[in-house]
Every structure is written in structure tokens, then in C-alpha cells.
Amino acid sequence: AMLRDARIGNSPVSPNYIIDHHMTVPETTDGCWAFIESFGSCCSILSLMLRHFNVAFEEGDDSPTLGAIGIYGDTDKFKSEQLTDPDVDAFYHLMKFGNWEMFRRVHDFKFPAGYYRILEVVLRNSKTHNTFLVSCAGFLKDDQGVYLAIIAEELIRQEGISTVITWGI
């Protein structure tokens with residue numbers, strides 16, 4: 001959403017197209033086409049465009065499910081204040097072609113016992129300062145790093161916390 005994004009270097013980006021749901025005043029360049037609307041998810045905008053241009057999904061295509069997962073996640077499971085009626089419409093439209101079993105697997109999975117051991121360490125080691133919560137999980141196995149993002153996503157829901165940093169070695 002940022003045209004001058006440090007993740008892609010210091011030089012400014014000169015896009016040909018901008019499709020976004022965050023920006024209100026884009027830093028567009030001459031000849032740049034921009035579609036910036038207030039939606040809860042950019043996937044909703046893309047779904048709207050696909051429908052407008054009558055783009056069909058092929059049998060077995062995971063794109064509709066992945067788009068719906070994007071909408072569901074961006075709108076905080078439809079609880080976000082930025083949620084719009086078109087977001088809900090786009091979600092259900094995509095899932096007409098999507099795979100509900102895949103959607104459920106992404107959002108309703110079981111955690112291994114190791115996750116709960118790491119959660120225990122993170123909770124025990126957490127320190128708060130103002131609206132920040134920071135915690136170290138200690139040493140992690142290669143496949144356990146993703147747990148920190150999941151734990152941080154849960155901890156950010158604490159009343160009075162706006163930023164969570166979880167880390168491990």
C-alpha cells in the first residue's frame with residue numbers, strides 16, 4: 001500500500017496500476033491507473049473486477065478459496081469495522097466456486113502439543129510497557145517459528161495492547 005516502501009529499496013516505485021483498499025490519497029505518477037475504494041479487503045476489489053470482466057474459474061482452481069480466505073482474514077473474520085457489504089458479497093460469490101473443506105482446514109486446524117509449550121513460555125516471559133507486549137519464546141525448532149505469529153495474533157486482542165512482538169531463536 002506504500003509507494004515508497006523500505007522493503008523494496010529506497011527508490012520510489014512508479015506503478016502502472018494501483019488497486020488498494022487502504023490509501024485515500026495515492027502518490028500516483030502520470031499515466032497511472034488507480035482503483036482505490038473503501039473495502040475491508042483488497043481481495044474483495046479483485047473479486048469485483050473478475051466478476052465485472054466475466055472471468056470464470058476452472059474446475060479445481062484454488063483461487064476462489066484463497067480469495068475468500070483473504071477476505072475472511074483481512075476483515076478479522078467479518079468483525080472489522082472496515083467490513084463492507086461488498087466484502088461479504090465477494091466472499092460468498094467466491095465460495096460458490098470455492099472449496100469449503102479447504103477453507104475449514106485453514107481456519108479450524110489442530111495445534112500440536114509443542115504449540116502449547118511455546119505459548120506457555122511466551123506467556124511466562126511476556127513484559128508489557130504502555131501498549132506494547134514483548135516476549136521471547138526461547139529456542140525453537142525450524143517448523144515452530146510460525147507459532148509466534150499465531151500467538152502474537154491472539155495476544156494483540158488483549159485490552160490495552162496495540163503492538164505485540166514475539167521472538168525466538
Side-chain angles (χ1 to χ4, degrees), residues 1-2 5 7 18-24 26 35-53 55-128 130-137 140 143-168:
M2 294 172 41
D5 192 327
R7 295 171 294 179
I18 299 173
I19 301 171
D20 203 342
H21 68 113
H22 289 125
M23 296 178 0
T24 55
F35 186 95
I36 300 158
E37 295 288 332
S38 180
F39 282 79
S41 174
C42 196
C43 290
S44 301
I45 297 172
L46 295 174
S47 173
L48 177 73
M49 291 180 163
L50 292 172
R51 284 168 75 178
H52 176 78
F53 292 109
V55 175
F57 297 107
E58 295 181 16
E59 184 72 30
D61 186 351
D62 291 335
S63 300
T65 308
L66 297 173
I69 288 169
I71 294 168
Y72 194 69
D74 280 351
T75 63
D76 192 22
K77 302 177 183 175
F78 299 133
K79 296 178 289 187
S80 169
E81 291 181 14
Q82 284 73 41
L83 177 69
T84 65
D85 289 341
D87 289 309
V88 176
D89 180 55
F91 174 86
Y92 284 107
H93 174 74
L94 288 170
M95 286 310 294
K96 286 180 192 174
F97 309 99
N99 180 327
W100 282 103
E101 179 57 31
M102 176 194 285
F103 181 85
R104 286 184 195 95
R105 281 194 323 264
V106 168
H107 288 285
D108 187 28
F109 52 90
K110 303 292 183 206
F111 289 109
Y115 167 83
Y116 294 99
R117 286 191 283 278
I118 293 168
L119 175 60
E120 177 187 16
V121 172
V122 167
L123 291 173
R124 188 176 50 238
N125 293 338
S126 68
K127 304 284 186 234
T128 58
N130 297 325
T131 62
F132 289 81
L133 184 149
V134 179
S135 185
C136 176
L140 304 173
D143 62 342
Q144 294 177 324
V146 70
Y147 298 161
L148 297 179
I150 297 167
I151 291 169
E153 190 174 290
E154 289 299 313
L155 294 177
I156 194 85
R157 298 175 69 185
Q158 281 187 68
E159 189 172 331
I161 299 297
S162 65
T163 303
V164 172
I165 300 170
T166 55
W167 60 281

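Reckoned from all heavy atoms, side chains included, excluding hydrogens, waters and symmetry mates. This is a predicted model, so every value here is computed, not measured.
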Straight-line distance of [X] [atom1] to [Y] [atom2], nearest 0.5 Å:
X: Leu133; Y: Gln158; atom1: CG; atom2: CD; answer: 5.5 Å
X: Ser162; Y: Asn130; atom1: OG; atom2: CG; answer: 9.0 Å
X: Asp87; Y: Leu48; atom1: CG; atom2: CG; answer: 10.5 Å
X: Ile71; Y: Lys77; atom1: CD1; atom2: NZ; answer: 16.0 Å
X: Ile45; Y: Leu50; atom1: CD1; atom2: CG; answer: 12.0 Å

Pairwise side-chain contact, [X] with [Y], heavy-atom cut-off 4.5 Å (strictly under):
X: Ile118; Y: Leu140; result: yes
X: Gln82; Y: Asp76; result: no
X: Leu155; Y: Val122; result: yes
X: Thr75; Y: Phe78; result: yes
X: Ile150; Y: Tyr115; result: yes
X: Asp89; Y: Arg51; result: yes

Where is the tightest heavy-atom contact between [X] and [Y], given as atom of each residue plus distance?
X: Ser44; Y: Phe39; answer: CB-CD2, 3.7 Å
X: Asp74; Y: Ser41; answer: OD2-OG, 3.0 Å
X: Gly67; Y: Leu94; answer: C-CD1, 3.7 Å
X: Thr65; Y: Met95; answer: CA-SD, 4.1 Å
X: Gln144; Y: Gly114; answer: NE2-CA, 4.4 Å
X: Val121; Y: Cys136; answer: CG1-O, 3.8 Å

[X], [atom1]: over 12 other non-hydrogen atoms inside 6.0 angstrom:
X: Arg124; atom1: CZ; value: yes
X: Asp85; atom1: CG; value: no
X: Glu154; atom1: CD; value: yes

ask   = Got a donor-acceptor contact below 3.5 angstrom from the Thr166 side chain to the Leu148 backbone?
value =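 It does hold such a pair.
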message = Tell me if a side-chain donor or acceptor on Asn99 pairs with a main-chain N or O of Glu101 at a distance below 3.5 Å.
response =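 Yes.
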query = Under 30°, 30 to 60°, or over 60°: which ring-plane class applies to Phe91 and Phe103, parallel, tilted or perpendicular?
reply =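 Ring orientation of Phe91 relative to Phe103: perpendicular.
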task = Could you check whether the rings of Tyr116 and Phe111 sit parallel, tilted or perpendicular, using 30° and 60° as the cut-offs?
result =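 If you compare the ring of Tyr116 with that of Phe111, the planes turn out perpendicular.
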query = Taking it one step at a time, do Val55 and Met49 satisfy side chain to side chain contact (heavy atoms under 4.5 Å, CB included)?
reply = CA-CA 9 Å; Val55 175; Met49 291 180 163; over 6 Å; no
